[in-house]
> 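Got a structure for you, questions after.
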Amino acid sequence: MAFGRRQYPFHLIEPKWQQAWEARETFRAWNPGEAVPADHPFAVRHGAEVAAVPKYYILDMFPYPSGAGLHVGHPEGYTATDILARYQRARGRHVLHPMGWDAFGLPAEQYAIQTGRHPRLTTAKNVANFKRQIQALGFSYDWSREVNTTDPEYFKWTQWIFLRLYNSWFNPASRKAEPIESLRCPADLRSEGERRAYRDSRRLAYVSEAPVWWCEELGTVLANEEVIDGRSERGNHPVVRRPMRQWMLRITAYADRLLEDLETIDWSHSLKEMQRNWIGRSEGAEVDFQVAGRAEVVRVFTTRPDTLFGATYMVLAPEHRLVDQVTVAEQRASVQAYQAEVAKKSDLERTELAKAKTGVFTGAYAINPVTGGQIPIWIADYVLLSYGTGAIMAVPGHDTRDFEFATQFHLPIVQVVQPPGGRDWRGFVEEGTAVNSSRADLSLDGLPTPEAKRVITAWLESRGLGQRTIHYKLRDWLFSRQRYWGEPFPIVWRKDFSGRAYHEALPESALPVLPPELEDYKPTPDGQPPLARAKDWLHLADGAIRETNTMPQWAGSCWYYLRYLDPKNPRRFCDPSAEAYWMGARSPGVATPGIDLYVGGTEHAVLHLLYARFWHKVLFDLGHVSTPEPFYKLVNQGLILGEDGQKMSKSLGNVVNPDDILADYGADAFRLYEMFMGPLEMTKPWNTKGVEGVYRFLGRVWRLFVDEAGETEFEQNLTVAPDRGAEFLAQLPLSNAVSDSPASPAQLKTLHACIQKTTEDLDDFRFNTAISALMVFVNEATAWELRPAAVLRDFLVLLQPFAPHLAEELWEKLRARAGGEPCPLAYAPWPRFDPALLVEDTMEIPVQVNGKLRDVIRAPAAATQTELEALAAQAEKARPFLAGKTIRKVVVVPRKLVNFVVG
RNA sequence: GCCGGUGUGGCGAAAUGGCAGACGCACAGGACUUAAAAUCCUGGGGCCUUUAAAAGCCGUGUGGGUUCGAGUCCCACCACCGGUACCA
């Protein structure tokens, strides 16, 4: 070991209690209707009526069990939730605190391609390692509810939920998902094929041809988030865009509800803002511009229809379908050259900012529908085909990009908005007052921007020239991957009599659809996903062919928090009564529905957290869950940096391995340190010296109860065999200082100040200051010659959430001394603090002169303003500053301070 | 650029508008020890005067403001971190 003797025998205490908790199922949570054994501590405290106890569902983001093992960042959030789980248990709540594995994913599959080792085996090995590491930290998880997304009994229900999406459509009238049977096909669709195509085009899960990132080297497509600067995150290989037939989920139908319901949930401002930005709702109008002298009409989207009078030119995305039609002969060559140039650019180059704008004139003109003037039509790559209509009306007077472009190509710039306060109108993009915006039948002049928008939109609508429109940045969710290690789709393909392929859902009885066993996990030579290699699996007896794509890793994490509620149910994804109890619809004394607290990193801000909200809303619409949102309160833990203040990474060699810390200091010290570092949500650097500090604190707690037994015994505790640990611990005597004498007023004050501070801090998730309150208690109690057992007992209840192993061990010793049956500390009620004990007879009152501290006086707590002022005027050190001065004013705040204002 | 967050000792940090730096690390001195480790006790924001005690002045990123009183509230900036970006 890197240092001397152990502070206390944590190496014996921690395994002892971890084994005891597991053997006794101490942290098992019970569903309503389940029979709780009468001797289980839950039944001892609450009785057998589970449904009568208020629930507390506290959830961690379950980890992907990577081969690298646990990182110190994982236990940060897990420790915070465990402390709160234990705290709420002590407060009398029925706590659900589960853990599981998000185990589908690319690393195991890549490893399989290289070694031929089945991903299932790699995954099982990694899960076992993660579980060992997590269990060594003494978290109060109910392991009987463990889930694993790669378990067929689990992904059977992932596939089942996919079928719910597949078999539903979004009814814009009710703003809800409804069964596809309720969708009425238009009467003019005669053939069954037409009706099927109509239904398929409305499903929440549908097929489309979309460009995706394809990595030749890895032989697979990658999600956007797996591509960094045009290369694969794993292996740094080049990737290309390539259109492929894909399954999509219609998340855009829920854009408004996903946005609106953010108001109903308690998440950080910044996280909500990230989701808002990702959804990117913008309100505006679509306006039609007639191409001069031609039949074509160009439709644009604008958020500022009020500036229509200032539209002096128009820009199409280079790929816009009308470009070829409108371009005049003499401009054709330069337009095509520009298109070719843009096509060569990577997405990265094209979005590179701070570059001069480029573009080419098509030679065509459009007619501004309000001014009647002809405006030139340009193409430029600053207009994106993928947003809005792929075309804009350019208002260079009041749009930064249009202004830059117009300046560069000498296009006219006119003013149509008057800024407030005499600011320069050129490039003014905010709201103001409309000017120069009138014609015979329409006047916007003098109207504030919002009003002008309404008037012009109504005018356009009345003439059929445009309409109010809302656009979103959010795109439908690309839901298929060409991989092996993921959930197969419960879908088959058939051909109709005309030879056209169509898809069809497998019946529920066919679930789970298992992936086939393969020798080779690579895609087929002709680019088909690896599942296509399994010819037997691929073809059904009736001639149907299975879908060979698999679901993305996000699928399993979209609903795992629901499976925890009823993880072994073979008939349903979750029993409705369990769902109603734990999600709060039918739980007593619970104000918030849903999950009471969800803790995890920010990296999932717009992926997992958006996807899961979407699935939950679909399940809600279809009547499978009782709340519209899953995660009512969410906290992001901050990043833990290396000791050098840099992000931990293998290449920097600053990664801290939890196993090493546990071996040297034990789990309690590790937990305590992770919480003592600073506020949970803050980014903060690791410092192993800091672990030693909290470790010393735990040693002081130990010595509060157990005398230093001399060298011999401590030598022994280094060498005692682990299987004799409990025996060794049992014979260590309690200190003689632990007494039955009644607590003195000062001792009670110390205890109750600690109760008050830890309680208030835990209610607000301020773990670091709660721990410092525990330290203050121990610092004071160390000086006590007699330590009343009743005071120490309450202290252990406060310590238990943070350092459960040590607290349980000392609790057992105290109980044994009192001759009582040892009951687990984990279920001991949280102490109530008595404000009466904290009342002071006299208080220290600062005396200020002109706001500067000059003295501190001792005054009765009940002193009146007049009395305080009189006492303060006599304060020795303050008097010199008052001598010979006129006192203009005296500020007296009873119990706080006295301030003399002198001239 | 836009959005969000954060700036306090050598370090991690703490402070309902009311004694800035609780608690911890590191450091220094002392006790115990043959010695060390561990433990226990004591001291640590800076400047300045003094043998010392004590006092005084300055101090929460910068500049203003409100207030009897500002780390905390308001205005304008600066730096760093995270997210996002030609989204019309």
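All values below come from the heavy atoms of this structure, side chains included, with hydrogens, waters and symmetry mates left out. Being a predicted model, the structure only gives us computed values, none of them experimental.
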> Nearest whole angstrom, please: distance from the P of B:rG24 to the CD of A:E692.
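A:E692 atom CD is separated from B:rG24 atom P by 15 Å.
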> Have A:T769 and A:D761 got a donor and an acceptor in their side chains that come within less than 3.5 Å?
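Per modelled atom types, A:T769 and A:D761 side chains form a pair under 3.5 Å.
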> Taking the P atom in each of B:rC81 and B:rA22, what is the distance between them to the nearest angstrom?
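My reading of the P atoms in B:rC81 and B:rA22 gives 29 Å.
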> Using only side-chain N and O atoms of A:Q7, determine if any of them is under 4.0 Å from OP1 or OP2 of B:rU39.
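Result: yes.
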> When rounded to the nearest Å, what value does the distance between C1' atoms of B:rC78 and B:rG61 take?
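About 7 Å, rounded to a whole number of Å.
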> Rounding to an integer number of angstrom, what distance separates B:rU72 and B:rU16 when you compare their C1' atoms?
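Their C1' atoms lie roughly 11 Å apart.
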> Can you name the residues that form a ring-ring contact (aromatic ring centres under 6.0 Å, His included) with A:H604, not counting sequence neighbours?
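Scan of A:H604 (ring-ring contact (aromatic ring centres under 6.0 Å, His included), adjacent residues dropped) gives A:H608.
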> Give me syn or anti for B:rG29, where syn covers glycosidic angles within 90 degrees of 0.
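Glycosidic conformation of B:rG29: anti.
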> Reckon A:G693 touches a base, only the sugar-phosphate, or nothing at all at heavy-atom distances under 4.0 Å?
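Sugar-phosphate contact only.
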> Is the phosphate of B:rC58 approached by A:K852 (side-chain N or O, under 4.0 Å from OP1 or OP2)?
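True: A:K852 side-chain N/O within range (under 4.0 Å) of B:rC58 OP1/OP2.
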> Do the numbers put A:R613 on top of the ring of A:W267, so that NZ or CZ is under 6.0 Å from the six-membered ring centre and no more than 45° off the axis?
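Satisfied, under 6.0 Å and within 45°.
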> Going by ring-ring contact (aromatic ring centres under 6.0 Å, His included), name the pairs with one or both residues in residues 755-786 of chain A, residues two or more places apart or in two chains.
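Counting only pairs at least two positions apart or across chains, the ring-ring contact (aromatic ring centres under 6.0 Å, His included) contacts touching residues 755-786 of chain A are A:F777-A:W784, A:F777-A:F795.
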> Checking the side chain of A:R671 only, and the main-chain atoms of A:P801 only, is there a donor and an acceptor separated by less than 3.5 Å?
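Side chain of A:R671 to backbone of A:P801: a pair is present.
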> Would you mind reading off the distance between A:R281 atom CZ and B:rU84 atom P, rounded to a whole angstrom?
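A:R281 atom CZ is separated from B:rU84 atom P by 23 Å.
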> My understanding is that only residues two or more places apart in sequence, or in another chain, count here; which of them pass side chain to side chain donor-acceptor pair (under 3.5 Å) with A:E283?
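So A:E283 forms a side chain to side chain donor-acceptor pair (under 3.5 Å) with A:R281, A:R468.
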> Got a list of protein N/O to nucleotides 40-43 of chain B N/O distances below 3.5 Å?
{"residue": "B:rC40", "atom": "OP1", "partner": "A:R700", "partner atom": "NH1", "Å": "2.9"}

> Using atom types as modelled and distance alone, determine if a side-chain donor or acceptor of A:K889 lies under 3.5 Å from a backbone N or O of A:V901.
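No; zero donor-acceptor contacts below 3.5 Å.
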> To the nearest angstrom, how far is A:L704 atom CG from B:rU39 atom P?
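From A:L704 CG to B:rU39 P: 15 Å.
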> In whole angstrom, give the distance that lies between atom NZ of A:K684 and atom C1' of B:rA13.
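Those two atoms, NZ and C1', are 12 Å apart.
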> Suppose you measure atom C1' in B:rU60 against the same atom in B:rU50; what distance do you get, rounded to whole Å?
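That atom pair is separated by 30 Å.
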> Which whole number of Å gives the distance between the P atom of B:rC80 and that of B:rG30?
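Taking atom P in both B:rC80 and B:rG30, they lie 45 Å apart.
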> Just by distance, no angles: are the side chains of A:Y673 and A:N687 close enough, under 3.5 Å, to form a donor-acceptor pair?
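There is no such pair (donor and acceptor under 3.5 Å, judged by atom type) between the side chains of A:Y673 and A:N687.
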> Could you check which residues of residues 762-775 of chain A get a heavy atom under 4.0 Å from RNA chain B? Sort them by number, please.
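Those residues are A:N768, A:T769, A:S772, A:M775.
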> Ignoring hydrogens and geometry beyond distance, is a side-chain donor-acceptor pair present between A:R700 and A:Q7 at under 3.5 Å?
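Side-chain D/A pair, A:R700 to A:Q7: absent.
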> Which whole-number value in Å describes the distance from A:F697 CZ to B:rA38 P?
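So the two atoms are 20 Å apart, to the nearest Å.
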> Can you tabulate the close N/O pairs, meaning under 3.5 Å, that link protein atoms to atoms of nucleotides 45-50 of chain B?
none

> Distance check, P atoms only: B:rC77 and B:rC2, in whole angstrom units.
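B:rC77 and B:rC2 have their P atoms separated by 11 Å.
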> Heavy atoms from C-beta onward define the side chain here; which of B:rC57, B:rA88, B:rC86 lies closest to that of A:K357?
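Comparing B:rC57, B:rA88, B:rC86 against the side chain of A:K357, the answer is B:rC86.
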> Among A:T302, A:T307, A:D306, whose side-chain hydrogen bond (donor to acceptor under 3.5 Å, both in side chains) with A:R304 holds?
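Per the side-chain hydrogen bond (donor to acceptor under 3.5 Å, both in side chains) rule, the option paired with A:R304 is A:D306, out of A:T302, A:T307, A:D306.
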> With a 4.0 Å cut-off on heavy atoms, is A:R475 in touch with a base, just the backbone sugar-phosphate, or nothing at all?
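Result for A:R475 = nothing.
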> List for me each residue that meets side chain to side chain donor-acceptor pair (under 3.5 Å) alongside A:E869, sequence neighbours excluded, and say none if there are none.
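If we apply the side chain to side chain donor-acceptor pair (under 3.5 Å) test to A:E869, skipping adjacent residues, there are no hits.
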> Once each nucleotide of nucleotides 65-73 of chain B is scored for protein heavy atoms under 4.0 Å, what B/S/- sequence comes out, 5' to 3'?
---B-----
> Would you please name every residue forming a ring-ring contact (aromatic ring centres under 6.0 Å, His included) with A:F405, sequence neighbours left out?
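Result, ring-ring contact (aromatic ring centres under 6.0 Å, His included) vs A:F405: A:Y313, A:W378, A:Y382, A:F409.
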> For the residue pair A:Y8 and A:Y695, does the interplanar ring angle fall in the parallel (under 30°), tilted (30 to 60°) or perpendicular (over 60°) class?
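Ring orientation, 0 to 90° scale: tilted.
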> For B:rG9, measure the glycosidic angle (O4'-C1'-N9-C4 for a purine, O4'-C1'-N1-C2 for a pyrimidine) and name it syn if it falls within 90° of 0, otherwise anti.
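Because its glycosidic torsion lies within 90° of 0, B:rG9 adopts the syn conformation.
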> Is a side-chain N or O of A:N850 found less than 3.5 angstrom from the main chain of A:V902, in a donor-acceptor match?
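Yes; judged by distance alone, with no hydrogens or angles, the pair exists.
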> Could you tell me which residues satisfy side chain to side chain donor-acceptor pair (under 3.5 Å) with A:T683, sequence neighbours excluded, listed by chain and number?
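A:T683 satisfies side chain to side chain donor-acceptor pair (under 3.5 Å) with no residue once adjacent residues are dropped.
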> I'd like the C1' distance from B:rG64 over to B:rA55, given in whole Å.
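Pairwise C1' distance, B:rA55 against B:rG64, rounds to 33 Å.
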> Measure NE2/A:H269 against C1'/B:rG83 and give the value in whole Å, please.
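The answer, rounded to whole Å, is 13 Å.
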> If we count only N and O atoms by modelled type, under 3.5 Å, do the side chains of A:E674 and A:T79 hold a donor and an acceptor together?
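A:E674 vs A:T79: no donor-acceptor pair found between side chains.
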> Quote, to the nearest angstrom, the P distance that separates B:rC58 from B:rC40.
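It comes out at 40 Å once rounded to the nearest Å.
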> Would you say A:T683 reaches B:rG82's phosphate, i.e. side-chain N/O to OP1/OP2 under 4.0 Å?
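Answer is no, no contact under 4.0 Å.
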> Does a nitrogen or oxygen in the side chain of A:K689 sit under 4.0 Å from OP1 or OP2 of B:rG24?
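Result: no.
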> Checking the side chain of A:K684 only, and the main-chain atoms of A:P679 only, is there a donor and an acceptor separated by less than 3.5 Å?
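Flag set: sc A:K684 to bb A:P679 pair under 3.5 Å.
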> Counting runs of three or more consecutive pairs, Watson-Crick or G-U wobble, with each distance below 3.5 Å, where are the stems of RNA chain B?
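Stems for RNA chain B, defined as runs of 3 or more consecutive pairs: B:1-7 with B:78-84, B:10-12 with B:23-25, B:27-31 with B:39-43, B:45-47 with B:56-58, B:61-65 with B:73-77.
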> Give one of base, sugar-phosphate or nothing for A:F403, where a contact means two heavy atoms less than 4.0 Å apart.
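Answer is nothing: A:F403 stays at 4.0 Å or more from every strand.
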> Give the rounded distance in Å between these two atoms: CD of A:E273 and P of B:rG83.
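The answer, rounded to whole Å, is 16 Å.
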> Checking A:Y338 now: which residues fulfil ring-ring contact (aromatic ring centres under 6.0 Å, His included) with it, not counting sequence neighbours?
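For A:Y338, no residue satisfies ring-ring contact (aromatic ring centres under 6.0 Å, His included) once neighbours in sequence are set aside.
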